[in-house]
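A, B, ... follow the sequence lines: proteins, then strands. Residue 1 opens every chain. The basis for the numbers below is simple: all heavy atoms, side chains too, and nothing from hydrogens, waters or symmetry mates. For clarity, every value in this text was computed on a predicted model and none was experimentally measured.
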Number of protein chains: 2
Amino acid sequence: MPKTSIAPAKFTHIQCGACPIRHRAVCARCDDQELSRLEETKYYRSYEAGQTVVWSGDRMDFVGSVVSGIATLTQTMEDGRRQMVGLLLPSDFVGRPGRETAAYDVVATTDVVMCCFRKKPFEDIMATTPHVGQRLLEMTLDELDAAREWMLLLGRKTAREKIASLIAIIARRDASLKLAKSEGQVVVDLPLTREAMSEYLGLTLETVSRQISALRKDGVIEIEGKRHIIIPDFDRLIEEAGDDSDGGFLV
Amino acid sequence: MPKTSIAPAKFTHIQCGACPIRHRAVCARCDDQELSRLEETKYYRSYEAGQTVVWSGDRMDFVGSVVSGIATLTQTMEDGRRQMVGLLLPSDFVGRPGRETAAYDVVATTDVVMCCFRKKPFEDIMATTPHVGQRLLEMTLDELDAAREWMLLLGRKTAREKIASLIAIIARRDASLKLAKSEGQVVVDLPLTREAMSEYLGLTLETVSRQISALRKDGVIEIEGKRHIIIPDFDRLIEEAGDDSDGGFLV
DNA sequence: GGCATTGGTTGATCTAGGTCAAGGTCTGGT
DNA sequence: ACCAGACCTTGACCTAGATCAACCAATGCC
């Protein structure tokens with residue numbers, strides 16, 4: 001495609017044309033030259049469920065975003081205590097421009113496809129294309145907000161509130177939500193094992209299991225199988241989560 | 001001291017000439033025009049210890065950075081449980097470009113001087129001056145890292161480890177460190193009450209008090225008065241903090 | 001100087017959640 | 001069909017930290 005004159009506000013997305021979710025993607029109004037420079041270095045990688053994408057401390061020479069599946073960022077202490085510090089859903093960004101080595105373990109929780117860019121060219125484009133950096137700033141600020149909400153959860157919520165919060169958080173970001181919500185109830189498929197939930201919430205997996213059972217017994221949620229959850233009354237769940245600010249979403 | 005000619009390679013900082021700490025400030029290599037645009041909207045505000053700078057949910061039409069003193073970001077649940085989610089030391093940035101209302105209570109823990117810019121002009125400058133956004137991205141990424149370290153602390157560390165971690169964190173950012181370190185021991189003045197510490201750490205203030213006493217009894221720290229702490233062996237403190245990655249600082 | 005207030009310590013007791021242990025259920029492989 | 005292994009649940013018991021309460025030491029105010 002030949003470069004035409006000054007295009008009228010082209011909204012292009014760095015990651016790729018194929019990535020289904022655009023609204024949170026690293027996006028830019030790039031001209032063709034910029035786009036092609038990125039396209040050159042773009043590539044896809046797939047990971048199987050359970051596979052580690054990068055180990056904390058390892059050299060990480062790419063950045064990217066999750067196209068499909070779910071990955072986590074986790075910190076580990078010497079004695080093995082683990083705390084999840086990031087939950088990466090499709091469209092989320094991975095990697096830090098300007099950093100050499102990974103600061104956290106990145107693990108594929110389900111099968112994951114990622115859209116990657118080698119870091120060096122990406123950084124070059126960031127330096128020359130303000131849009132990219134601006135979008136990245138926006139996304140990083142969102143992540144910081146999420147981290148702070150998460151800190152309240154870790155520091156002050158009870159186990160029951162933590163579980164309710166997690167279910168609400170996942171429900172809010174789950175695509176299935178929009179469909180099911182209109183039918184009066186919210187349905188979620190938990191993409192995490194009980195152990196992963198415990199690492200997210202700062203609990204043991206036994207406590208997670210018990211509190212899920214308790215919420216079921218009290219009618220806050222219904223469970224089919226292990227992972228499929230029906231929320232008959234979302235407001236009730238929010239109440240159980242003890243959320244003050246509900247993330248400004250869906251209430 | 002009279003102002004001399006145009007300094008070579010102007011590294012100017014948005015916040016102001018007076019702000020003592022420059023390395024973490026929102027900095028830019030601005031030309032004179034850009035600088036003057038910012039100068040126009042710059043102003044200082046002082047707050048007394050204990051005073052609330054902004055309430056969560058309030059309109060916040062400025063951004064700024066801490067010049068002196070210490071402020072905190074805190075989240076509160078309906079029933080009054082409180083969790084600190086940000087500790088703002090001199091040079092730290094406050095406020096989120098692109099957001100209308102404050103998401104957290106901002107409280108001056110000590111007397112605080114802040115260097116502020118009205119948000120609208122600041123955002124305009126961000127849009128036209130890439131350096132500013134780039135610096136802000138860098139700072140936000142640092143904050144995100146700090147938040148994730150904090151999440152590990154909240155989710156997995158024992159009360160004793162939390163206290164040791166907090167002392168280490170403050171010591172690392174304390175200016176007095178450099179002097180004292182060279183003399184073989186590290187000296188810190190805790191800028192927080194026991195209650196503020198408990199809100200930082202997700203503990204009660206009684207537990208904070210007890211664990212500080214315990215660390216003193218075990219010789220990890222020495223205490224003069226209530227707030228003045230001497231760390232005879234910083235490595236020992238780090239060990240007590242259970243830190244895996246020690247923030248890449250001072251070890 | 002007396003007294004209230006704020007910030008801190010310490011003790012006694014209670015409990016939410018951790019730990020240890022025994023099963024249960026599902027899935028895939030042979 | 002049987003088995004192994006991952007994943008989950010539930011029970012019994014224990015402990016770190018919360019809660020409740022008394023008290024101490026500065027500081028500021030009249």
Side-chain angles (χ1 to χ4, degrees), chain A residues 48-51 77 79-83 107-111 153-167 189-218 221-229 240 242, chain B residues 48-51 77 79-83 107 109-111 153-167 189-217 221-229 240 242:
Chain A
E48 287 175 25
Q51 205 180 339
M77 295 171 71
D79 61 5
R81 281 176 282 173
R82 290 167 63 79
Q83 176 64 52
V107 180
T109 293
T110 62
D111 289 351
L153 177 149
L154 289 171
R156 293 303 183 192
K157 289 189 178 179
T158 64
R160 184 183 174 98
E161 289 168 338
K162 286 179 176 181
I163 298 287
S165 299
L166 177 56
I167 295 173
D189 272 299
L190 289 179
L192 302 174
T193 64
R194 299 290 185 261
E195 185 177 38
M197 288 187 236
S198 76
E199 287 178 5
Y200 185 110
L201 299 171
L203 298 170
T204 61
L205 67 92
E206 292 95 326
T207 299
V208 170
S209 184
R210 270 187 258 271
Q211 294 299 332
I212 289 180
S213 298
L215 288 176
R216 180 176 44 67
K217 202 178 308 177
D218 298 344
I221 56 174
E222 289 156 34
I223 304 179
E224 275 165 21
K226 307 276 182 202
R227 303 286 192 86
H228 191 74
I229 291 190
E240 291 283 356
Chain B
E48 287 175 24
Q51 205 181 342
M77 295 172 71
D79 60 5
R81 279 176 282 174
R82 291 168 63 79
Q83 175 64 51
V107 180
T109 293
T110 63
D111 289 351
L153 176 148
L154 290 171
R156 294 302 183 194
K157 288 190 178 179
T158 65
R160 184 183 175 99
E161 287 168 339
K162 286 179 176 181
I163 297 288
S165 299
L166 176 56
I167 295 173
D189 272 297
L190 289 180
L192 302 172
T193 64
R194 301 290 187 260
E195 185 177 37
M197 288 189 234
S198 75
E199 286 178 6
Y200 186 110
L201 300 171
L203 297 170
T204 60
L205 66 92
E206 292 95 328
T207 299
V208 169
S209 184
R210 271 187 256 272
Q211 294 301 331
I212 289 180
S213 299
L215 287 176
R216 179 177 43 69
K217 201 177 309 177
I221 57 176
E222 289 156 31
I223 305 180
E224 275 165 20
K226 307 277 181 204
R227 304 284 192 85
H228 191 75
I229 292 190
E240 291 283 355

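Rounded to whole Å, atom C1' of C:dA16 lies 13 Å from atom CZ of B:R81. Atom pair A:K157:NZ and C:dA16:C1' shows a separation of 17 Å (rounding to whole Å applied). Rounded to a whole Å, the CD atom of B:Q211 is 13 Å from the C1' atom of D:dA18. Following rounding to the nearest Å, B:R156 (CZ) and C:dT19 (C1') show an atom-to-atom distance of 13 Å.
For the pair B:E161 (side chain) and B:E240 (backbone), a donor-acceptor distance under 3.5 Å is absent. Looking only at distances, a side-chain donor or acceptor of A:R81 sits under 3.5 Å from a matching main-chain atom of B:R156. B:D111 contributes a side-chain N or O that, together with a main-chain N or O of B:A49, makes up a donor-acceptor pair within less than 3.5 Å.
In this structure, the side chains of A:D218 and A:R160 come closer than 4.5 Å at one or more pairs of heavy atoms.
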May I have the step-by-step check of side-chain contact (heavy atoms from CB on, under 4.5 Å) for B:M77 and A:K157, ending in yes or no? CA-CA 9 Å; B:M77 295 172 71; A:K157 289 189 178 179; 4.1 Å; yes
Apply side-chain contact (heavy atoms from CB on, under 4.5 Å) to the pair B:R227 and B:T193, showing each step before the final yes or no. CA-CA 8 Å; B:R227 304 284 192 85; B:T193 64; 3.4 Å; yes
Would you give a per-nucleotide map of nucleotides 5-12 of chain D, 5' to 3', where B means the base has a protein non-hydrogen atom under 4.0 Å away, S means only the sugar-phosphate does, and - means neither? ---SBBBB
Can you list, pair by pair, the side-chain donor-acceptor contacts under 3.5 Å of residues 206-213 of chain A, counting residues two or more places apart and other chains?
unit_1	atom_1	unit_2	atom_2	d
A:T207	OG1	A:T204	OG1	3.1
A:S213	OG	A:S209	O	3.0

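Of all heavy-atom pairs spanning B:T109 and B:P191, the tightest one is CG2-O, 3.4 Å.
For DNA chain D, none of the residues of residues 160-167 of chain B falls under the heavy-atom distance limit of 4.0 Å.
Looking at heavy-atom distances under 4.0 Å, A:G202 makes contact with sugar-phosphate atoms alone, never a base.
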